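Since the structure comes first, as structure tokens, the remarks are kept for the end.
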Amino acid sequence: MSDVVRLERRGAIALITVNNPPVNALGHAVRAGLQAAFQAAEADPEVTAVVLVCEGTTFMAGADIKEFGKPPQAPSLPEVIEVIEGSRKPSVAVIHGTALGGGLEVALGCHYRIARPDAKVGLPEVKLGLLPGAGGTQRLPRLAGVEKALDMIVSGQPIGAAEALEHHIVDELFEGDLIEAGLTYARRLLDEGRGPRRSGEQTRGLEGVDNEALIRAKHAEVAKRMPGLFSPLRCVAAVEVATKLPLAEGLKRERELFTECLNSPQRGALIHSFFAERQAGKIDDLPSDVKPRPIRTAAVIGGGTMGVGIALSFANAGVPVKLLEINEEALQRGLQRARDTYAASVKRGSLTEDAMEKRLALITGVTDYGALADADVVVEAVFEEMGVKQQVFEQLDAVCKPGAILASNTSSLDLNAIAGFTRRPEDVVGLHFFSPANVMRLLEVVRGERTSDEVLATAMAIGKQLKKVSVVVGVCDGFVGNRMVFQYGREAEFLLEEGATPQQVDGALRNFGMAMGPFAMRDLSGLDIGQAIRKRQRATLPAHLDFPSVSDKLCAAGMLGQKTGAGYYRYEPGNRTPQENPDLAPMLEAASREKGIERKALDEQYIVERCIFALVNEGAKILEEGIAQRSSDIDVIYLNGYGFPAFRGGPMYYADSVGLDKVLARVKELHARCGDWWKPAPLLEKLAAEGRTFTEWQAGQ
């Protein structure tokens, strides 16, 4: 058939095998090979059934990313699946590993499906700003029902084989050899006289339920939970079509909705996000022959919220971890915090009691540094103060074995200074987790000036082991994420002095797509944390750089956010819903009066540009200084750690989409009006003058 699709006869059964490593992606050669193989099987009078299998570790994992952005080549996937489903001879898809996106759509085109118990199936197209465009929105609801189809298609999350069996997406689970299982199942079909059973002709999943109510409920949920996103509502619309139109008309409408998504600007941003995350794991100057050290045991210093979250991350990955605290009382609080966190997961149904106990058994509490002597990696997560860090790293240097990685979770302090507290700075690296560490995907891997290549490679491997999105950053105050968010938060607070309220600023940025407004975020983390950082920065920044004062006024009044019941907002006991803080208005008036500012109404676009362009300008400085390897790394950090909307691609991609000339014009205007905080980054000026983008600059174009 082709180099990647093979057709052979096993008696009266045609065996079609796909071999397109590493994930059997549905590139042109696979599509053409599948179409030709099924047509040949259909034309062969000796063939009575067809079995489709894939070599390697997985079934078909969707589209070939090498073809993204290129002109489509015939046959299209819908054309291939039409041939498969239209066959007069029963076909069996044998699923192992994953059947995702177009891979699942191919399997749905086959007449029967069997799967290994550890297989997963899903339609993740929504994550790229698309919807399943080869019949997934039409065939899946006919088999699994509208509710399950909507859940899978709108979320993009895969489900396991047992769940797929429960919802009639697969027909049987099997163990053992793929080919033998497929042939055995096909022979049974023939023995029982069962012919083709086309998914597109099924109606069981559409019967006996109020599909209109399900569609309305999902539409309302999407509008509330995913405001501004283009493709999820089209996913709902496509599934709705399956409940009202025959298959042929439904497929036509699905393709129209798919094309709308394809032409949406959000698709470009989401695909940028997809590739950016893959690129982030590549370290440009790290030799390819560097091997990471094995990590079999870990330790964490500090049993607070962050330390416990890091310990849970290791336990979740099956790595035994010791949690060290200064005394037994503090240790027991930390261990209880770990148990409570897992218990909440059990209560939600996302973790079983048995799994909880197995993970808790991996966490050992200790109060003696000597107990850490055999740890492969130790992560410090103590108070963000250099003197405290010094005490910890001097003790770790004394007790840890040679080759142990000594990592700091510092969010802003000088990692080179921390490494200097040891006699092995080459073994020191930053592992900046984001809170809650057991939930947040982002991990900033901070490379010190003396961090060895082997330790850097190991730090990235640890991130992968913990299922984190790891991004290498250099040493500076706040690294990448917090250095930029300082500019963002400062400008948000300046807006309060000019006349805005926290509700207006947070609302504007949520409408832009941010997961949380800056003031709700500050209340959540605690205003005292920001105040400590400002005090440290004031000692090093030029005196003429002005700071806003509202946050300091709140701290002086004991209003530190959710922990005290009031901050930028007021909070009722046991309720995190922000309410207007009546004590804030006089503070805003006072702050404006002290600066000689006449308060005035501010429009939403101005609020958004004031905050987002502050991120962009600082990001350009970070790139120029080499603190980040590439602009897409900055985007990955903001998408995964700071709630930046994925459909805008990250701050640097968003700036590219707006036009760097327009961004620079606003930055210059703000520089003239607001002072040197807004001094344009030289790289931004250079690229705007040349008509280039950050993306082109990182690619060397």
Side-chain angles (χ1 to χ4, degrees), residues 26 31 62-65 67-82 100-106 108-109 122-142 146 149-157 200 211-212 214-275 511-513 645-649 653-654 656-658:
L26 283 157
R31 297 194 305 274
D64 190 340
I65 61 174
E67 295 184 0
F68 281 16
K70 295 181 180 178
Q73 288 183 279
S76 69
L77 190 57
E79 290 169 336
V80 174
I81 294 172
E82 184 180 1
L100 300 177
L104 178 56
E105 289 177 303
V106 167
L108 294 175
L123 295 169
E125 286 85 351
V126 71
K127 296 181 179 181
L128 295 180
L130 297 170
L131 56 79
T137 68
Q138 303 305 297
R139 294 186 176 95
L140 186 61
R142 285 172 159 85
V146 168
L150 284 170
D151 285 345
M152 290 178 64
I153 295 169
V154 173
S155 73
Q157 295 299 320
N211 289 321
E212 288 188 8
L214 292 171
I215 295 290
R216 283 197 305 271
K218 181 59 72 171
H219 194 285
E221 177 192 327
V222 168
K224 181 179 179 180
R225 288 182 51 244
M226 305 176 182
L229 282 175
F230 187 84
S231 63
L233 288 175
R234 273 79 190 166
C235 290
V236 176
V239 172
E240 182 179 16
V241 166
T243 70
K244 296 180 176 179
L245 296 178
L247 179 69
E249 293 179 47
L251 291 172
K252 181 181 177 183
R253 181 58 183 148
E254 176 193 76
R255 205 64 194 173
E256 292 170 351
L257 290 165
F258 177 85
T259 302
E260 288 180 19
C261 293
L262 197 65
N263 294 331
S264 163
Q266 291 188 7
R267 171 186 169 268
L270 289 162
I271 287 179
H272 165 79
S273 304
F274 173 80
F275 281 110
N511 289 341
F512 174 77
F647 66 85
R648 297 195 189 275
Y653 181 90
Y654 174 69
D656 284 348
S657 68
V658 170

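Please read these numbers as outputs of a predicted model, since none were measured by experiment. All values below come from the heavy atoms of this structure, side chains included, with hydrogens, waters and symmetry mates left out.
Residues Glu221 and Lys218 are paired through a salt bridge, judged by an N-O separation under 4.0 Å between the basic side chain and the carboxylate.
Shown here is Glu256, whose CD atom has more than 12 heavy atoms of other residues, nucleotides or ligands within 6.0 Å. For Glu82, the CD atom counts as loosely surrounded, since its 6.0 Å shell holds 12 or fewer non-hydrogen atoms of other residues, nucleotides or ligands.
Minimum interatomic distance between Ser273 and Gly649 (heavy atoms only, all atoms of both residues): OG-CA, 3.7 Å. Considering every non-hydrogen atom in both Pro141 and Ala242, the closest pair reads CG-CB, 3.8 Å. A pairwise comparison of heavy atoms in Gly102 and Leu26 identifies C-CD1, 3.3 Å as the closest pair.
Side-chain contact check for Met226 versus Val154: some heavy-atom pair is nearer than 4.5 Å. Within the 4.5 Å cutoff, the side chain of Gln157 has heavy atoms near those of the Lys127 side chain. The shortest distance between side-chain heavy atoms of Phe230 and Glu260 falls below 4.5 Å. Under the 4.5 Å side-chain criterion, counting only non-hydrogen atoms from C-beta, Pro232 is in contact with Val126.
Side-chain atoms of Glu125 never come within 3.5 Å of backbone atoms of Ile153 as a donor-acceptor pair (strictly under, hydrogens ignored). When atom types are taken as modelled, the side chain of Arg142 and the backbone of Gln138 share a donor-acceptor pair closer than 3.5 angstrom.
Paired with Val146 under the rule side chain to side chain contact (heavy atoms under 4.5 Å, CB included), one option of Asp151, Ile215, Val236 passes, and it is Ile215. Checked against Cys261 for a side chain to side chain contact (heavy atoms under 4.5 Å, CB included), the options Leu270, Leu130, Leu128 give a single hit: Leu130. Across Val239, Leu150, Leu123, a single residue satisfies side chain to side chain contact (heavy atoms under 4.5 Å, CB included) together with Leu140, and that is Leu123.
Relative ring orientation between Phe512 and Tyr654 is described as perpendicular, the plane-to-plane angle rising above 60° on a 0-90° scale split at 30° and 60°.
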